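Inspection log for the structure reproduced underneath, given as structure tokens.
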Amino acid sequence: MTVVKNHQLTPLPVSFYDRDAVRVAQELLGKLLVRQSPGGRTVGRIVETEAYLAQGDPACHATRGMTRKNASMFGPPGRAYVYAIHARWCFNVVVQPRQVASAVLIRAVEPLDGVPLMQQRRGPAKPADLTRGPARLCEAFDIDRRLDGWQLGAGRRLWIAEGHPTWLSPNHIGCSPRIGVTSAAERHLRFYVRGNPHVSGPKRWRL
DNA sequence: CTACCGATTGACT
DNA sequence: GTCAATCGGTAGA
């Protein structure tokens, strides 16, 4: 059963990503993450993001220079940056400025389409935990290192679409420190849809 | 090659 | 709330 209409799935323009990380992180809330794979299509509404900044942010993977792992962060905006942490994958979107490296981590989505496929990939996970958390979302959407550096929307594999523009009103966006980061812990660079049950993290950071 | 780390998760008290 | 398994990536010998 399909909830999302095809005309809502047009990829966002590259210019959307060519702005500062905080702005993109906030405006990504409510957008649709779309994954088309041989097994079928999955769609989720983005409900939680985190910004990682090019300047003065020791938690950003790029602060100590370019390596094979983080190379796609240094490329043009609008590409995927997929990296491994604790034996799992996390999905980021590369944003402005180019050559300096900053990104937005997609931490949680609300499942809309392709739920059976997500369940199949996630195995025995509770329905509520299908896509709640950056690595869970990647497993449900079959995102791994093969998609690192993938230009979102170039070819129907992985992209982000506008969805329903009025779904979210700005005063329903909350912010908090980033989850799990051990440096720059005081900065409020995590953004989420207030009260949405698919947001991860401690309860006080979901209200 | 080995040693260590981590933007996590799932199991448990 | 606590805690340990997890393994790709990095740094260094």
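Below, each value reflects all heavy atoms present in this structure, side chains not excepted, and no hydrogens, waters or symmetry copies. Order of the sequence lines fixes the chain letters, A, B, ..., with proteins taken first and strands second; residue numbering starts at 1 for each chain. This is a predicted model, so every value here is computed, not measured.
Electrostatic pairing of Arg178(A) and Asp57(A) counts as a salt bridge here, judged by a charged N lying under 4.0 Å from a carboxylate O. The existence of a salt bridge linking Glu48(A) and Arg190(A) is confirmed by a sub-4.0 Å separation between a basic side-chain nitrogen and an acidic carboxylate oxygen.
Distances shown here put a side-chain N or O of Arg136(A) below 4.0 Å from the OP1 or OP2 atom of dG10(B). Residue Arg88(A) places none of its side-chain N or O atoms closer than 4.0 Å to OP1 or OP2 of dG6(B). Put simply, Arg107(A) has a side-chain N or O that comes within less than 4.0 Å of OP1 or OP2 on dT8(B). Close to dA7(B), at under 4.0 Å from its OP1 or OP2, lies a side-chain N or O of Thr182(A).
When heavy atoms are screened at a 4.0 angstrom cut-off, Ala87(A) is found touching base atoms of the nucleic acid. Arg122(A) comes within 4.0 angstrom of the backbone, heavy atoms only, and of no base. Asp129(A) comes within 4.0 angstrom of no nucleic acid atom, judged by non-hydrogen atoms across all strands. Among the protein residues, Ala135(A) comes within range of the sugar-phosphate backbone only, with heavy atoms under 4.0 Å from sugar or phosphate atoms but none that close to a base.
Residue Lys69(A) places its side chain closer to dT10(C) than to any other of dG6(B), dT10(C), dT9(B).
Residue side chain His86(A) fails the stacking definition with respect to dA5(C), as its ring centre and the base's six-membered ring centre are not both under 5.5 angstrom apart and under 30 degrees in plane angle. In this structure, Tyr52(A) forms an aromatic stack with the base of dA7(B), since both conditions hold: centre separation below 5.5 Å and plane angle below 30°.
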Evaluate side chain to side chain contact (heavy atoms under 4.5 Å, CB included) for Gln26(A) paired with Leu28(A), printing each intermediate quantity in order. CA-CA 6 Å; Gln26(A) 292 169 336; Leu28(A) 237 22; over 6 Å; no

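Note: OH (Tyr81(A)) to C1' (dG8(C)) measures 11 Å, nearest angstrom. Atoms NZ (Lys126(A)) and P (dC12(B)) sit 13 Å apart, rounded to a whole Å. In this structure, CZ of Arg132(A) is placed 12 Å from C1' of dG10(B), rounded to the nearest angstrom. Rounded to whole Å, atom C1' of dG9(C) lies 15 Å from atom CG of Asp144(A). The distance between atom CD of Glu139(A) and atom P of dT6(C), rounded to the nearest whole Å, is 15 Å. Rounding to whole angstrom units, OH of residue Tyr192(A) and P of dA7(B) are separated by 21 Å. In this structure, CG of Asn70(A) is placed 14 Å from C1' of dG6(B), rounded to the nearest angstrom. In this structure, Arg64(A) atom CZ and dG6(B) atom C1' are separated by 11 Å, rounded to whole Å.
Along DNA chain B, the nucleotide nearest to His61(A) and the one nearest to Ala125(A) differ in position, and the one closer to the 5' end is contacted by His61(A).
Of all nucleotides present, none satisfies the Watson-Crick or G-U wobble test against dT6(C) with each distance under 3.5 Å.
When each of Asn92(A), Ile173(A), Val104(A) is paired with Thr49(A), the side-chain contact (heavy atoms from CB on, under 4.5 Å) condition holds for Val104(A) and for no other.
Atom CD of Glu186(A) has more than 12 neighbouring heavy atoms from other residues, nucleotides or ligands inside a 6.0 Å radius.
Residues His61(A) and Tyr52(A) place their aromatic rings such that the two centres sit no closer than 6.0 Å.
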